[in-house]
2 protein chains.
Amino acid sequence: MDAKKAEKIAKALSDPNRLMILKEFKKNKDCLYCCNLGDTISLAQPSISHHMKLLIDSELITSDKEGRNVKYALNNKMLDEYINFIKALKI
Amino acid sequence: MDAKKAEKIAKALSDPNRLMILKEFKKNKDCLYCCNLGDTISLAQPSISHHMKLLIDSELITSDKEGRNVKYALNNKMLDEYINFIKALKI
DNA sequence: TCGATTTATCGAAATGTTTCGATAAATAAA
DNA sequence: TTTATTTATCGAAACATTTCGATAAATCGA
């Protein structure tokens, strides 16, 4: 992973609402629909949509259109790659 | 590590200049003086000082006054703690 | 078909971050 | 003691991010 990608992921991970969204995946068997986030995240719908977009752009999650909904899933592979990047910073 | 701390670290890691600074520690046997960064990081001195402050505040590095200089060292422990935080996000 | 639901996008306001020049404080070196 | 070096801080400009209301597009249900 190059520094530019790591920077993008770090940015995605640097917001309390996005961290909360990522944690929600654990409670929902790895998949998630935006419309169910309203209860957990107290933000307007466009704001949640904005955060999802940043998470998708960073590839920390994937999105899959399912009829009227969009199904989001955590991308464990990208988390692993980012972990390796940070490990490489260590002395 | 709580979410607030993880957020602070992610923020510290989300800037290209700060990533470059962290990578410099590898080349310098874990310690570093600001005044030697000028060659690597093309920023004015107050900007470098600002980035060092954010890294110190996040506890990713430590600082130690040595006469006229300040010696900075990488805090591997904090990197490990952050790695564990990210691991915990995985499904 | 028609109304409700889900998500995305636009534009704007508020807030936060990055950068720099100017300046200050501390210490080393001459 | 005087000058140079190292780092921090202040204030301001430029830029980026977060948030929302309004609106649009797609699809589901009645």
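Just so we're on the same page: letters track the sequence lines, and every chain starts at 1. Excluded from the calculations below are hydrogen atoms, water molecules and symmetry mates; all remaining heavy atoms, backbone and side chain alike, are included. Remember, predicted model here, so these are calculated numbers, not experimental data.
Rounded to the nearest 0.5 angstrom, A/Lys87 NZ and B/Leu79 CG are separated by 12.0 Å. One distance of note links OG1 of B/Thr40 with CG of B/Asn28; it measures 8.0 Å at 0.5 Å rounding. Atom CG of A/Leu37 and atom CD of A/Gln45 lie 11.0 Å apart (nearest 0.5 Å). Rounding to the nearest 0.5 Å places CD1 of B/Ile86 at 6.0 Å from CD1 of A/Ile83. With rounding to the nearest 0.5 Å, the separation of CD1 in B/Ile48 from CD1 in B/Ile21 is 6.5 Å. Here A/Ile91 contributes atom CD1 and B/Phe25 contributes atom CZ; the two are 7.5 Å apart, rounded to the nearest 0.5 Å.
DNA chain D is contacted by A/Ala44, A/Pro46, A/Ser47, A/His50, A/His51, A/Leu54 of residues 44-56 of chain A, taking any non-hydrogen atom closer than 4.0 Å. Contacts between residues 13-22 of chain B and DNA chain C, defined by a heavy-atom separation below 4.0 Å, involve B/Asp15, B/Asn17, B/Arg18, listed by number. Against DNA chain D, the stretch residues 61-69 of chain B makes heavy-atom approaches under 4.0 Å through B/Arg68, B/Asn69.
Grouping the Ile, Leu, Val, Met, Phe, Trp and Tyr side chains by contacts below 4.5 angstrom, directly or via other members, places B/Leu43 apart from B/Tyr33. B/Met78 and B/Leu54 sit in two unconnected hydrophobic clusters of ILVMFWY residues. Membership requires side-chain heavy atoms under 4.5 Å apart, directly or through other members.
For A/His51, the side-chain hydrogen bond (donor to acceptor under 3.5 Å, both in side chains) partners are A/Arg18, not counting sequence neighbours. Qualifying side-chain hydrogen bond (donor to acceptor under 3.5 Å, both in side chains) partners for B/Asp80, counting only residues two or more places apart in sequence or in other chains: A/Lys90.
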Could you walk me through whether B/Tyr82 and B/Lys5 satisfy the side-chain contact (heavy atoms from CB on, under 4.5 Å) test, starting with their C-alpha distance in whole Å, then the side-chain angles of each, then the deciding distance to 0.1 Å, before giving a yes or no?
CA-CA 9 Å; B/Tyr82 187 55; B/Lys5 179 78 188 175; over 6 Å; no
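First and last contacts of DNA chain D with chain A, using any nucleotide atom under 4.0 Å from a protein heavy atom and ordered 5' to 3', fall at D/dT17 to D/dC28.
Taking a cutoff of 4.0 Å between a charged side-chain nitrogen and a carboxylate oxygen, B/Glu24 and B/Lys27 qualify as a salt bridge.
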